[in-house]
Each structure stands twice: as structure tokens, then as C-alpha cells.
Amino acid sequence: MNNKVAEVKDLKKRLLFLLGALIVFRIGAHVPVPGVDAGKLAESLGGGAGIIGMFNLFSGGSLQRFSIFAIGIMPYISASIIIQLVAEVVPSLKALKKEGEAGRRTLTKYTRWATLVLAIVQSSAFLAFIYQPSIVTVGRLEFVISAVVCLVTGTMFLMWLGEQMTERGIGNGISLLITAGIVAALPSAIGQLLDLAKNNSSVMMVLFVLLGSLGLIYLVVYIESAQRKIPVHYARRQLGNRIVQGQKTHLPFKINMAGVIPPIFASSIILFPSQIIGWLGKSADNNTLIEFVVTNLSPNKPMYSIVFAIAIVFFCYFYTALVFSPREMAENLKKSGAFVPGIRPGEQTSNYLEKVVMRLTLFGALYITIICLIPEFVTGVLGIPFHLGGTSLLILVVVTMDFGTQVASYRMNQQYEHLMKKNSSRKSLSQ
């Protein structure tokens with residue numbers, strides 16, 4: 001009974017820590033950077049359309065308010081992409097991935113330093129873009145120094161907060177921070193729909209959006225819950241003085257093994273370069289190339305959709321290859337005396353598992369791409385000012401489902417540890 005009470009207390013402690021961290025995140029989103037007229041800045045940004053709107057959404061509205069979290073957690077995500085890509089090419093970094101916990105800590109340190117560099121570059125580019133006498137109320141040098149320090153510190157604090165949420169809470173802290181930013185934008189998006197509903201001619205359009213959103217949510221939940229079960233048989237073997245009979249089980253493979261990482265990475269890849277090109281190219285008049293990129297690489301544009309789809313497919317395969325090793329799984333099955341019916345253990349099992357995973361990844365990549373792009377096409381054709389796109393919807397649903405699974409898994413692990421302790425105590429008493 002005491003163990004159950006301790007289990008509930010520990011779970012409650014973790015959930016309260018998550019709640020406190022999210023409250024800190026939302027408070028920080030309203031702490032302004034000194035020397036900026038936030039109202040005039042919001043007018044200058046054009047109400048959060050295009051790339052600025054996506055950036056503002058992922059930062060929880062901090063960009064328009066120009067708070068200390070204005071550039072959000074995106075530099076950390078970009079740094080993670082760069083380090084993971086480089087680790088597949090540089091032999092020394094690739095060797096670190098095989099060193100276990102020590103190697104992971106070293107890669108994490110490199111990611112933090114890369115985050116610092118990207119945060120400085122990104123904040124400097126943003127300041128160069130927004131600097132106008134009507135927006136900035138202090139001297140240029142004073143503004144640049146104070147704003148860069150505030151923005152970079154805000155990003156590094158969010159990185160630390162996300163790591164603490166992962167370690168001391170439940171689930172992935174970075175994903176939860178992004179989800180919290182999206183949830184913060186929901187009241188504004190719902191308010192836009194209600195404004196449309198006030199016009200009798202727009203009632204059907206609002207109903208279409210609501211039913212379409214519910215349909216997409218159902219599709220996401222259905223596919224995320226789907227599994228490809230590969231049968232596995234365990235041969236009869238002898239353990240000590242007793243013989244263990246063969247068992248039949250299965251390996252569950254999700255259709256979308258990469259989760260929400262591909263759309264987040266793809267958004268970061270598109271946001272960062274297009275943002276830098278647009279901001280640094282603002283003063284470059286008569287530059288048709290920069291104008292073309294800035295104009296077309298924004299939501300609801302064909303070029304944006306094509307680049308976004310390609311990036312999603314790439315990161316689906318890339319991240320699946322990072323988290324799943326068919327050769328390692330085949331070796332583990334062989335060592336434990338297990339085999340896939342009709343497939344020889346070892347190399348053939350590895351090839352079979354790789355083939356299955358590649359097929360699942362193809363369907364998963366197509367599914368994520370469709371979910372992310374359908375709202376973009378619909379809002380572009382119908383002209384509905386509803387900025388909660390498919391990427392945001394996918395992140396919101398998948399992270400919520402993953403959080404529920406993490407809570408259930410944590411409770412199950414606690415119960416398992418309780419049973420193991422109980423059995424060990426009984427054995428010690430009997431001896």
C-alpha cells in the first residue's frame with residue numbers, strides 16, 4: 001500500500017513539475033525585450049502571415065510580442081539536425097554514437113554549442129530586419145547588445161527547460177514546449193472562426209473547417225495507433241535444470257515510426273534559411289532571386305509545398321534510420337533464440353526487417369505529408385484566415401497521444417518495479 005502511495009506521489013510530482021515548467025514558459029512569452037514598441041512591431045509584421053506566422057506559432061506568440069522567447073526553441077532543433085547529419089558523415093562523431101551514455105553526453109554538448117551559435121545568428125538577423133526608428137525606442141548599439149543577450153538567453157533557457165522536462169517530468173520536453181505554443185494559439189484561431197460564423201454566408205465554411213479538422217484528428221489517431229505485427233517464435237530451450245517451451249509473440253512496428261520529428265525538422269529547415277534570406281535581403285532592391293525566394297517560399301505557395309514535402313519524406317527516412325537498426329534487432333533475436341517464421345536468423349532476418357521498415361516508412365512519409373499539406377491547400381483555396389495548419393494539428397495530436405502513452409508506461413514500470421522488490425523481499429525472507 002505504501003509503495004502505491006509513493007508511486008502516485010512520484011507521478012504527481014512529475015506532472016506538477018511539467019505544469020510549473022509550462023507556466024514558466026507562458027510567463028516568459030509575455031516578458032518583453034526592452035527598447036521595442038511591441039504594438040508597432042506587430043503591425044510591421046503584418047498580422048503574422050506566411051513564414052512569420054509559422055515562426056510566431058511555434059514560439060507561442062512570442063515573436064509578435066517580441067518577448068525574450070521570440071526566436072523560441074527553433075535554433076536548438078536546427079542544431080540537432082545539423083549535429084545528427086554531421087554525425088553520419090564524420091567518423092569521430094559517428095564513433096561517439098556507439099559509446100553509450102558518454103558519447104550521448106558529448107553529442108549533447110556539441111548540440112548546445114551549436115544552438116548558441118545559431119541563436120546569435122538568428123537573433124542578429126531578426127534585429128537587422130525589425131530595426132526602424134518607429135519601432136525601436138533606444139539607440140542602435142544599446143538595442144542590438146541588449147536584444148541579442150535577451151533573445152539568446154531566452155533560447156538557451158528554453159533548451160535547458162526542455163531538457164529538465166524530459167528528465168524530471170514525463171515525455172519529450174522540447175515537443176511539449178512546441179505543443180504548448182500551439183495550444184496558446186488555439187483561442188485566437190477559434191476566435192477567427194467565430195468571427196467568420198457571424199457572417200451567415202460563412203457558416204457552411206466554418207462547419208466545413210470544423211468537420212475537416214475532426215476528420216483529420218480521427219485519421220491521425222487511427223494511423224498512429226495502427227501497427228504492423230511481425231510474428232516471432234522462440235525455440236524451446238533449457239534454462240538451468242528446466243526446459244522452457246517455445247513461445248509465439250510479435251514485433252509491433254508503427255506505420256509512422258518517426259513521430260512528429262519530420263514535420264518539426266522540415267519546418268525548421270524551411271523557416272531558418274528563408275527567414276535569413278528574407279531579412280538580409282530586405283535592403284537588396286532589384287534582386288529578383290531574393291524576391292522570388294521570399295515570395296514563393298511561404299505557406300500556400302507551390303514552391304513551399306514541394307520543398308516541405310521533400311523535407312518531410314527525407315527526415316522520415318533519416319530519423320527512422322537513426323532510431324531503428326535492423327541488423328542490431330536481428331542479432332538480438334538470434335541471441336535470444338527467436339526467429340521470424342520462414343526467415344533464416346541473422347542476415348536474412350536483418351534484410352527482411354529492413355524491407356518491412358522501409359515500406360512502412362514510405363507509407364508513413366506519405367501520410368505525414370498529406371496531413372501537413374491538406375490544410376495548406378484548403379486554406380489557400382478557400383482563403384480562410386485559420387493559421388493552425390496541418391503541421392500544428394499533427395504535432396498537437398501526436399504529442400498528446402505520446403504523452404498519454406508515456407504516463408501509462410511510467411505507471412506500468414512503477415508497478416513492475418514494485419513487484420520485483422516484493423519478490424526479492426520474499427526470497428530474502430525465505431532464505
Side-chain angles (χ1 to χ4, degrees), residues 28-29 32-36 41 44-45 50-60 62-87 89-90 93 107-132 135-136 138-163 174 177-178 181 264-284 287 289-290 293-294 297-298 304 307 311 315:
V33 174
V36 177
L41 175 62
S44 174
L45 294 179
I51 291 294
I52 293 295
M54 290 186 63
F55 213 95
N56 187 58
L57 179 65
F58 284 144
S59 65
S62 299
L63 185 63
Q64 278 191 321
R65 289 186 290 268
F66 200 59
S67 76
I68 57 175
F69 295 158
I71 58 176
I73 200 66
M74 301 309 285
Y76 176 78
I77 297 174
S78 301
S80 299
I81 299 171
I82 294 172
I83 295 299
Q84 290 181 10
L85 287 173
V86 172
V89 179
V90 180
L93 294 180
L107 289 175
T108 300
K109 182 177 67 174
Y110 292 157
T111 303
R112 290 171 180 170
W113 282 107
T115 302
L116 178 62
V117 173
L118 289 178
I120 293 174
V121 173
Q122 197 165 331
S123 60
S124 301
F126 183 50
L127 297 180
F129 170 73
I130 70 163
Y131 185 80
Q132 298 176 19
I135 296 176
V136 179
V138 296
R140 185 176 190 126
L141 181 60
E142 178 185 353
F143 167 68
V144 170
I145 294 176
S146 62
V148 168
V149 170
C150 289
L151 294 179
V152 173
T153 302
T155 295
M156 301 307 290
F157 175 79
L158 284 180
M159 180 188 69
W160 174 84
L161 186 63
E163 292 177 350
I174 303 299
L177 287 177
I178 295 175
I264 293 177
F265 278 14
S267 299
S268 178
I269 284 294
I270 294 178
L271 283 174
F272 185 68
S274 60
Q275 178 192 34
I276 298 299
I277 291 173
W279 293 347
L280 296 183
K282 185 183 178 185
S283 59
N287 193 324
L289 178 60
I290 290 179
V293 172
V294 173
L297 200 60
S298 60
Y304 169 84
V307 174
F315 282 117

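In this chain, residues are counted from 1 in sequence order.
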With rounding to the nearest 0.5 angstrom, report the CD1 to OG1 distance, Ile120 to Thr115.
11.0 Å
Below 30° counts as parallel, above 60° as perpendicular, anything between as tilted: where do the rings of Phe265 and Phe315 land?
perpendicular
Taking C-beta and beyond as the side chain, do Ile82 and Tyr110 meet within less than 4.5 Å on heavy atoms?
no
Does a side-chain heavy-atom distance below 4.5 Å link Pro34 with Cys150?
yes
May I ask you to test the Thr108-Glu163 pair for a side-chain heavy-atom distance under 4.5 Å?
yes
Nearest atoms (heavy-atom pairs only) where Ser78 meets Leu118:
CB-CD1, 3.7 Å
Smallest separation among heavy atoms of Val33 and Ser67, with atom names
CG2-O, 3.6 Å
Give a yes or no on whether the backbone of Gly72 and the side-chain of Thr155 come within a donor-acceptor separation of less than 3.5 Å.
yes
To the nearest 0.5 Å, atom CD1 of Ile73 lies from atom CE of Met156 at 9.0 Å
With a 4.5 Å limit on heavy-atom distance, are the side chains of Leu158 and Tyr76 in contact?
no
Output the distance between atom CE (Met159) and atom CG (Leu161), rounded to the nearest 0.5 Å.
11.0 Å
Working to the nearest 0.5 Å, report the span between OG1 of Thr111 and CG of Leu116.
12.5 Å
Applying side chain to side chain contact (heavy atoms under 4.5 Å, CB included) between Gln122 and each of Val117, Leu151, Ile71, Val152, report the one that passes.
Ile71
Chi angles and distances behind the side-chain contact (heavy atoms from CB on, under 4.5 Å) call for Ile68, Thr153
CA-CA 8 Å; Ile68 57 175; Thr153 302; over 6 Å; no
